[in-house]
Amino acid sequence: MAWGDTVYRVIDAFSAKVKEDLVFTQFIGENMKYKSAAGSGRMVEKAAAKYSAQFVTIAGPLYIVNNQARELLKKEPSFNRAGNLIKKLDLIFCGIGTLSSIESIPAWNENKSIIFPGVNFKNVAGMLYGRPYNIDGQFLNLSDDKVFGSNIKSILSVPRRIAFTNSKFKARAMLGALRGRLLTDIIIDESIAQRILMEAGRD
């Protein structure tokens, strides 16, 4: 699972049941909101608590710009359990992001050009799985991907990839994700659906 205010509210709406065979895990690194209830690790723990299930976090930040350091960290014992679970994912659930989700974290905002080398930020329609993509759903940083965790090929092979939003300001981001078939399921309301159709009509 990923993070964000929408994901947090969805977890709140989960029906509490005992599902001990479930395991919740991050599939990409920490969003560095360590003091926030919507931080990556806390979200996984919160979801697992609803079902008396297991959870596993990733010991590492979402972005590591040094390519060698990123690959070496994956070989550390602290990453082993999460790394093995990532290979067995059968469902991802997340929110839809925009550039503002990057700009809200100073360390990322101040280093955008290093984290996303060569990316023209004017072309970014949304953020998904930690990566920026355009209005056609094409990821813009795959030639030099700095994300720590699961790669895009592995993510897109997960059978169910569910995203939700209740913000009309993310209609363009959702449109890009739909065009690129980056998700298998979406949860939105009628007003957002109408806004997506409006965005589609502009292109």
Side-chain angles (χ1 to χ4, degrees), residues 1-7 10 25-31 38 40 43 58 61-65 67 70 86-105 108-109 112-203:
M1 59 178 292
W3 59 83
D5 293 335
T6 305
V7 176
V10 170
T25 187
Q26 296 166 245
F27 60 97
I28 49 180
E30 280 282 345
N31 67 350
S40 309
M43 299 283 271
I58 287 180
L62 175 57
Y63 301 114
I64 300 177
V65 298
N67 296 335
R70 189 175 56 255
I86 284 171
K87 297 172 185 176
K88 302 173 184 177
L89 289 177
D90 53 15
L91 186 148
I92 288 174
F93 75 95
C94 57
I96 289 282
T98 62
L99 268 181
S100 64
S101 59
I102 296 298
E103 294 164 351
S104 68
I105 298 175
W108 297 352
N109 187 41
K112 281 192 299 187
S113 60
I114 300 172
I115 295 170
F116 307 109
V119 171
N120 183 342
F121 296 105
K122 293 180 180 178
N123 294 333
V124 176
M127 298 285 302
L128 197 57
Y129 315 130
R131 284 97 169 172
Y133 58 92
N134 63 20
I135 194 62
D136 294 314
Q138 299 166 332
F139 286 106
L140 300 174
N141 67 324
L142 296 190
S143 62
D144 199 354
D145 188 359
K146 305 299 185 183
V147 172
F148 177 58
S150 190
N151 60 48
I152 284 297
K153 182 178 179 181
S154 298
I155 289 170
L156 296 182
S157 70
V158 175
R160 300 289 300 276
R161 304 181 305 280
I162 303 170
F164 28 80
T165 185
N166 59 357
S167 172
K168 63 182 180 180
F169 299 108
K170 294 186 177 181
R172 188 168 177 81
M174 186 64 84
L175 175 60
L178 290 171
R179 284 178 169 170
R181 299 183 179 182
L182 307 182
L183 300 161
T184 59
D185 303 83
I186 62 170
I187 301 171
I188 56 175
D189 62 24
E190 185 177 355
S191 65
I192 297 170
Q194 293 290 348
R195 188 68 175 260
I196 292 171
L197 290 172
M198 286 175 58
E199 290 286 348
R202 290 174 184 168
D203 293 327

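Quick note: numbers below take in every heavy atom, side chains included, and nothing from hydrogens, waters or symmetry partners.
- Using cut-offs of 30° and 60° for the angle between ring planes, the Tyr129 and Phe139 rings count as tilted.
- Between the side chains of Thr98 and Ser100, at least one donor N or O sits under 3.5 Å from an acceptor N or O.
- Expressed to the nearest 0.5 Å, how far CG of Asp145 lies from CG of Asn67 amounts to 9.5 Å.
- Here the closest non-hydrogen pair linking Leu183 and Met174 is CD1-SD, 4.2 Å.
- Ion pair Asp90/Lys88 not flagged as a salt bridge, since none of the NZ, NE, NH1 or NH2 atoms sits closer than 4.0 Å to an Asp/Glu carboxylate oxygen.
- Checking side-chain atoms of Asn134 against main-chain N and O of Gly137 turns up a donor-acceptor pair under 3.5 Å.
- Classification of the Tyr63-Phe116 ring pair by plane angle, with boundaries at 30° and 60°, yields perpendicular.
- Remark: Leu99 CG to Glu103 CD distance equals 5.5 Å, nearest 0.5 Å.
- In this structure, Gln138 CD and Asp136 CG are separated by 5.0 Å, a value rounded to the nearest 0.5 Å.
- Each of Asn123, Leu128, Leu142 was scored for a side-chain contact (heavy atoms from CB on, under 4.5 Å) with Tyr133, with one residue passing: Leu128.
- We find the CZ-CD distance between Phe148 and Gln26 to be 10.0 Å, quoted to the nearest 0.5 Å.
- Counting only heavy atoms from C-beta outward, the side chains of Arg131 and Ile155 approach each other to under 4.5 Å.
- For Lys168, the salt bridge (Lys or Arg N to Asp or Glu O under 4.0 Å) test picks out no residue, with sequence neighbours left out.
- For the atom pair CD1 (Ile192) and CD1 (Ile96), the distance works out to 10.5 Å, reported to the nearest 0.5 Å.
- Shortest non-hydrogen contact noted between Ser157 and Ser154 is OG-O, 2.6 Å.
- When every heavy atom of Pro117 is checked against every heavy atom of Ile114, the shortest pair comes out as CD-O, 3.3 Å.
- Pairing each heavy atom of Ala173 with each of Gly126, the nearest pair is CB-CA, 3.8 Å.
- When every heavy atom of Ile115 is checked against every heavy atom of Lys146, the shortest pair comes out as O-CG, 3.1 Å.
- Heavy atoms only, all atoms of each residue included: Arg195 and Ala171 are closest at CG-CB, 3.4 Å.
- Atom CG of Leu89 and atom CZ of Phe27 lie 8.0 Å apart (nearest 0.5 Å).
- Between Pro159 and Thr184 the shortest side-chain heavy-atom distance does not fall below 4.5 Å.
- Put simply, the side chain of Ile135 does not reach to within 4.5 Å of the side chain of Glu199, judged on heavy atoms.
- Counting only heavy atoms from C-beta outward, the side chains of Gln194 and Glu190 approach each other to under 4.5 Å.
- Residues Phe121 and Val119 have side chains in contact (heavy-atom distance under 4.5 Å, counting atoms from C-beta outward).
- The number of heavy-atom neighbours closer than 6.0 Å to CZ of Phe169, taken from other residues, nucleotides and ligands shown, is 12 or below.
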